[in-house]
Amino acid sequence: MNRRIGILGGTLDPIHCGHLEAAIAARDALQLTEVRILPSRVPPHRAVQPVASSFHRFAMAALAVNGIDGLVASDAELCVSGPSYTADTLDRMRGSGIDGLQIFFITGADAFAEIATWHRYPEVLDLAHFVVVSRPGHAMNDMRRGLPALSSRMRSAGEVMRSGASTLGHPSILLVETSTPDVSSTSIRERLRLGETVNGLVPRAVERHIHQHGLYRGNVRAQADMRTADQLHGED
Ligand code: ATP
Ligand code: MG
């Protein structure tokens, strides 16, 4: 089978078990050769900044994927200037010789529900396959209902694979129903700010990194301002 590359991008501030489970579910549902985990770049002039630096966010992503089959941390969005827009990231991958039909861009159902606000929508949907993974509190059906114009492009990943991967001759929106842990980076930052444990919510190595480097302790900006910067994967 052809190489099939998954991409999971986001602020990852910090990466947690929900991200990993979503990546693993997509990997297994679509027989992806690898899944690249991409912390996004947020330029300094942006109003909403991640709490941890790009360096720490990348370090935590690398620690998190250690030992997990097929998952790798990628600095692809950190190595270019400007904000990380999915369409631009996909363009660069295609420019490096990877066919768009070999790329599977993974999002949670909450992020995909906002797709119409993304940079270069709807063109972005033609640059690769999109894989939408269910997320607790964000029902797949609600997401579908909210995007009627796209429903004809949506297909269950399981059905597609059962009918043979050759049916993916054009960019598709592939739905993966699974149960990922009910965890978010926002809730983890809040727990750490309050001095609560994040044991079981992030991999052990990430938890150690957070404590060793004193990340997310007390000096976190008001949570009201912490509208996630992963919207850089979408709107401006
Ligand atoms: P924040 O609270 O800062 O927004 P987050 O937990 O939503 O953080 P992001 O970095 O915003 O994490 O998410 C990156 C991608 O991972 C998004 O596409 C998001 O939908 C997906 N994702 C995050 N957590 C889960 C989860 N528990 N299940 C499925 N997908 C998830
Ligand atoms: Mg988010």
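Worth saying up front: this structure is predicted, and the values here are computed from it rather than measured. Ligands are counted one by one from 1 in listed order, and the atoms in each one are counted from 1 as well.
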_Ligand-side contact atoms (ligand 1) for residue partner Val183, heavy atom cut-off under 4.0 Å_ = 27 (N)
*Any side-chain donor paired with an acceptor under 3.5 Å for Ser187 and Ser184?*
yes
*Does any N/O atom on Gly9 come nearer than 3.5 Å to any N/O atom on ligand 1?*
no
*What atoms of ligand 1 come closer than 4.0 angstrom to any heavy atom of Leu12?*
10 (O)
_Ala109-ligand 1 polar pair, N/O distance under 3.5 Å_ = no
*List for me each residue that meets salt bridge (Lys or Arg N to Asp or Glu O under 4.0 Å) alongside Asp182, sequence neighbours excluded, and say none if there are none.*
none
*Examine Ser185 against ligand 1 and note whether any of their N/O atoms are separated by less than 3.5 Å.*
yes
*Is it true that the side chains of Ser40 and Glu77 contain a donor and an acceptor less than 3.5 Å apart?*
no
*asked:* Is there a side-chain contact between Leu175 and Arg155 in this structure, where contact means two heavy atoms from C-beta onward sitting under 4.5 Å apart?
replied: no
*For Pro181, atoms of ligand 1 separated by under 4.0 Å from a heavy atom*: 27 (N)
*asked:* Minimum distance, heavy atoms only, to atom 24 (N) of ligand 1: which one of Glu21, Glu190, Arg135 is it?
replied: Arg135
_Quick one: does any side-chain atom of Asp110 pair with a main-chain N or O of His138 as donor and acceptor, under 3.5 Å?_
no
_Test item: Arg27 side-chain N/O and Val35 main-chain N/O as donor-acceptor pair under 3.5 Å_ = no
*For His213, which residues count as a ring-ring contact (aromatic ring centres under 6.0 Å, His included) partner, sequence neighbours excluded?*
His56, His209
*asked:* Can you name the atoms of ligand 1, numbered from 1 with element, that are less than 4.0 Å from a heavy atom of Asp110?
replied: 19 (C), 20 (O)
*Per-atom contacts of ligand 1 with Thr11, taking only distances under 4.0 Å to non-hydrogen atoms*: 10 (O)
*Is there any N or O on Ile106 that sits under 3.5 Å from an N or O of ligand 1?*
no
_Residue-ligand contact His138/ligand 1, heavy atom below 4.0 Å_ = no
*N/O donor-acceptor pair under 3.5 Å between Arg135 side chain and Ser179 backbone*: no
*Does ligand 1 have any atom that is closer than 4.0 Å to a heavy atom of Ser134?*
yes
*What atoms of ligand 1 come within less than 4.0 Å of a heavy atom belonging to Thr107?*
18 (O)
